[in-house]
Amino acid sequence: MTTTVITQATVINEGQRHQQDVLIRDGLIAEIGPDLTGKADEVIDGSGQWLLPGMIDDQVHFRDPGLTHKGSIATESKAAVAGGTTTFMDMPNVNPTTTTLEALEAKHAHASKVAWANYSFYLGATNDNIEEVKALDPNAACGVKIFMGASTGNMLVDREAALEQVFTHSPTLITTHCEDTPMIKAQEALYRERYGEDVPMSAHPDIRCREACYKSSSFAVDLAKKTGANLHVLHLTTAEEMALFEPGPVAGKQITAEACTHHLWFCDEDYKQLGTLIKCNPAIKSRADRDAIRQAVRDGRIDIIATDHAPHTWEEKQNTYFKAPAGLPQVQKSLVSLLELVHQGVFDLETVVQKTAHNVAIRYQIANRGYIREGYAADLVLVNPNQPHTDDPDSVLYHCGWSPWSGQRFQSSVTATFVNGVKMFDRGQFAAFQPGQRLTFERR
């Protein structure tokens with residue numbers, strides 16, 4: 001393997017900025033310090049650029065197996081690498097669902113042949129698979145996923161006894177999608193009565209309403225406190241929910257919270273232009289909600305930022321409200337969209353690195369990733385903060401072929417992405433395919 005040094009980049013790591021050289025050898029960060037060019041076969045000039053730990057996206061839907069007309073592990077992980085994501089954790093609502101240990105291992109085996117980035121997968125909980133959950137080796141999956149609100153697939157866990165069983169017996173981190181399905185169904189009936197099938201997209205945050213979100217997420221938090229479960233609540237969308245979580249560092253927390261890039265970027269004013277393209281569950285809500293989530297990122301109530309990348313074909317999205325599926329593709333632009341918020345003064349750069357890399361590694365107890373440290377995997381992204389580009393339809397790498405940011409001008413560009421020390425992406429070009437690695441965890 002080629003020994004590489006990245007020189008003169010501004011290294012953003014653990015709340016600090018330093019202009020340093022980073023030496024990569026045998027897939028690892030071998031040395032960090034000044035004047036390391038003489039120790040490498042390849043020298044990459046990082047002058048004027050930021051060197052960040054690669055984004056670890058703990059919430060994606062890469063649609064594999066069974067839904068590959070929308071996307072696949074191969075296509076979506078390649079797009080992710082182009083966007084500066086070096087590790088992903090994929091959700092279980094595929095076909096067949098990942099609700100058995102056999103299906104979980106089959107996904108890992110498939111990814112070992114096709115994934116451009118490092119990977120792990122969730123075991124999905126159902127109303128009746130508690131024995132599979134109990135039998136899970138805590139180091140064999142990134143976590144257990146519970147859909148506490150209907151989203152896609154048939155994985156709704158809506159029996160309180162079943163939820164309590166999973167919260168009590170899960171051997172590893174539980175992640176939840178929190179919406180109250182009966183409340184949503186009641187809202188759907190009201191809007192159908194009023195509009196028939198022609199419900200305006202602007203109604204989505206009223207149908208997938210804030211009350212449904214709060215009822216479910218507060219129940220999950222209360223249940224975790226009751227059972228002692230290790231809980232991570234995904235893609236929060238309302239100001240009210242922020243009060244459920246404690247501010248401060250992620251280390252030591254039993255209950256943590258997550259926001260997604262689209263909920264930090266878009267608000268309900270964008271439905272007029274983008275319509276079903278930004279239909280997602282839970283729904284994008286008001287500007288005030290978006291601002292409250294941004295503040296929660298800053299004060300540490302939101303511990304992790306992810307994407308919930310969920311592609312659908314363009315044709316599927318060109319439907320009426322009830323027929324258009326929920327979800328949008330993001331991994332190719334997730335990091336630069338967050339860096340755009342840095343340029344706008346919404347976040348500082350160190351916070352973005354903390355929420356997309358360090359905190360994910362801490363919360364999921366990932367071994368040797370998420371930091372720029374000697375001895376850690378060389379999962380790195382080089383970013384030029386002064387190389388503007390526009391999200392162009394011709395450059396979209398998602399299998400679905402479209403992006404919710406189409407036409408958006410970003411101030412920053414991803415220059416290069418290293419996965420396990422290999423420069424897999426370099427100024428728009430990809431290296432020959434090499435599979436990423438299965439995540440390992442430091443769990444008892």
Side-chain angles (χ1 to χ4, degrees), residues 14-15 55-59 89 122 138 142-146 148-149 163-164 166-168 170-180 210-261 263-264 282 285-286 288-308 338 341 346-366 370-371 441-444:
E14 301 186 67
M55 184 170 176
I56 305 174
D57 193 339
D58 75 353
Q59 188 185 180
M89 304 181 201
Y122 290 89
C142 48
V144 170
K145 173 64 182 290
I146 307 178
M148 294 177 63
L163 286 168
E164 187 157 347
V166 177
F167 271 67
T168 299
S170 175
T172 189
L173 181 68
I174 294 169
T175 65
T176 54
H177 175 136
C178 288
E179 291 181 283
D180 184 76
R210 61 194 323 105
E211 294 83 4
C213 293
Y214 186 84
K215 182 178 180 181
S216 183
S217 55
S218 61
F219 175 73
V221 168
D222 288 344
L223 189 55
K225 290 177 178 177
K226 173 184 174 182
T227 61
N230 204 10
L231 174 66
H232 182 53
V233 184
L234 304 174
H235 47 40
L236 292 155
T237 60
T238 71
E240 294 91 329
E241 289 171 293
M242 299 304 102
L244 296 170
F245 304 94
E246 295 298 323
V250 69
K253 287 183 179 179
Q254 174 207 345
I255 299 168
T256 52
E258 179 172 295
C260 288
T261 45
H263 295 124
L264 293 167
K285 296 184 175 67
S286 71
D289 289 309
R290 185 190 68 183
D291 291 346
I293 299 167
R294 289 176 172 183
Q295 178 57 41
V297 169
R298 292 189 289 265
D299 69 24
R301 293 178 192 273
I302 294 293
D303 302 284
I304 289 172
I305 300 174
T307 65
D308 198 17
L338 293 172
L341 296 180
V346 175
F347 304 129
D348 60 46
L349 182 55
E350 292 79 3
T351 294
V352 169
V353 169
Q354 180 186 55
K355 308 291 182 175
T356 60
H358 302 339
N359 281 7
V360 196
I362 293 169
R363 188 66 178 110
Y364 284 81
Q365 298 171 279
I366 300 169
Y371 293 88
F441 302 93
E442 296 176 325
R443 299 170 178 170
R444 296 175 183 172

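Proximity of Thr238 to Glu211: side-chain heavy atoms (C-beta onward) are nowhere separated by under 4.5 Å. Counting heavy atoms from C-beta outward, Phe245 and Ile302 have side chains that stay 4.5 Å or more apart. Looking at Met89 and Val360, their side chains come closer than 4.5 Å, going by heavy atoms from C-beta outward. No side-chain heavy atom of Leu234 sits less than 4.5 Å from a side-chain heavy atom of Asp308. Under the 4.5 Å side-chain criterion, counting only non-hydrogen atoms from C-beta, Val353 is not in contact with Glu14. Inter-residue side-chain proximity for Leu163 and Phe219 is flagged as met; some heavy-atom pair is nearer than 4.5 Å. Taking the side chain as every heavy atom from C-beta outward, Thr261 and Leu338 approach each other to under 4.5 Å.
Shown are Ile304, Ile366, Asn359; of these, the side-chain contact (heavy atoms from CB on, under 4.5 Å) with Ile56 is made only by Ile366.
Taking every heavy atom of both residues into account, Ala251 and Ile362 meet most closely at CA-CG2, 4.2 Å. The two residues Thr168 and Thr227 come nearest to each other via the heavy atoms OG1-CG2, 3.6 Å. When every heavy atom of Glu258 is checked against every heavy atom of Ala306, the shortest pair comes out as OE2-CB, 3.4 Å. Annotation for Tyr122 and Tyr364: closest pair OH-OH, 2.7 Å, computed over non-hydrogen atoms. Of all the heavy atoms in Arg443 and Gln365, the pair that sits closest is CG-OE1, 3.4 Å. Residues Asp289 and Glu240 share a closest heavy-atom pair of OD1-OE1, 4.1 Å.
Checking side-chain atoms of Gln254 against main-chain N and O of Ala224 turns up a donor-acceptor pair under 3.5 Å. In this structure, Ser218 contributes its side chain and Lys215 its backbone to a donor-acceptor pair below 3.5 Å. Not a single donor-acceptor pair under 3.5 Å links the side chain of Arg301 to the backbone N or O of Ile293. Panel note: side chain Arg298, backbone Thr351; no donor-acceptor pair is recorded below 3.5 Å. His358 places a side-chain N or O within donor-acceptor distance of the main-chain N or O of Gly370, the cut-off being under 3.5 Å. Under a 3.5 Å cut-off, the side chain of Lys285 and the backbone N or O of Arg210 do not form any donor-acceptor pair. His235 contributes no side-chain N or O that, together with a main-chain N or O of His263, makes up a donor-acceptor pair within less than 3.5 Å.
Atom-to-atom distance recorded for Gln59:CD and His177:NE2 is 9.0 Å, nearest 0.5 angstrom. To the nearest 0.5 Å, atoms CG (Asn230) and OG (Ser170) are separated by 8.5 Å. In this structure, Ile174 CD1 and Ile255 CD1 are separated by 10.5 Å, a value rounded to the nearest 0.5 Å. A distance of 16.0 Å separates CD of Glu179 from OH of Tyr214, quoted to the nearest 0.5 Å.
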Dump the intermediate steps for side chain to side chain contact (heavy atoms under 4.5 Å, CB included) on Thr256 and Val250, then the final yes or no. CA-CA 7 Å; Thr256 52; Val250 69; 3.8 Å; yes
Derivation and outcome, side chain to side chain contact (heavy atoms under 4.5 Å, CB included), residues Leu341 and Arg294: CA-CA 10 Å; Leu341 296 180; Arg294 289 176 172 183; 3.6 Å; yes
Determine whether Asp58 and Arg363 satisfy the following criterion, side chain to side chain contact (heavy atoms under 4.5 Å, CB included), listing intermediate values before the conclusion. CA-CA 10 Å; Asp58 75 353; Arg363 188 66 178 110; over 6 Å; no
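Donor-acceptor pairing under 3.5 Å is lacking for the side chains of His232 and Thr175.
For Lys253, the side-chain hydrogen bond (donor to acceptor under 3.5 Å, both in side chains) partners are Asp303, not counting sequence neighbours.
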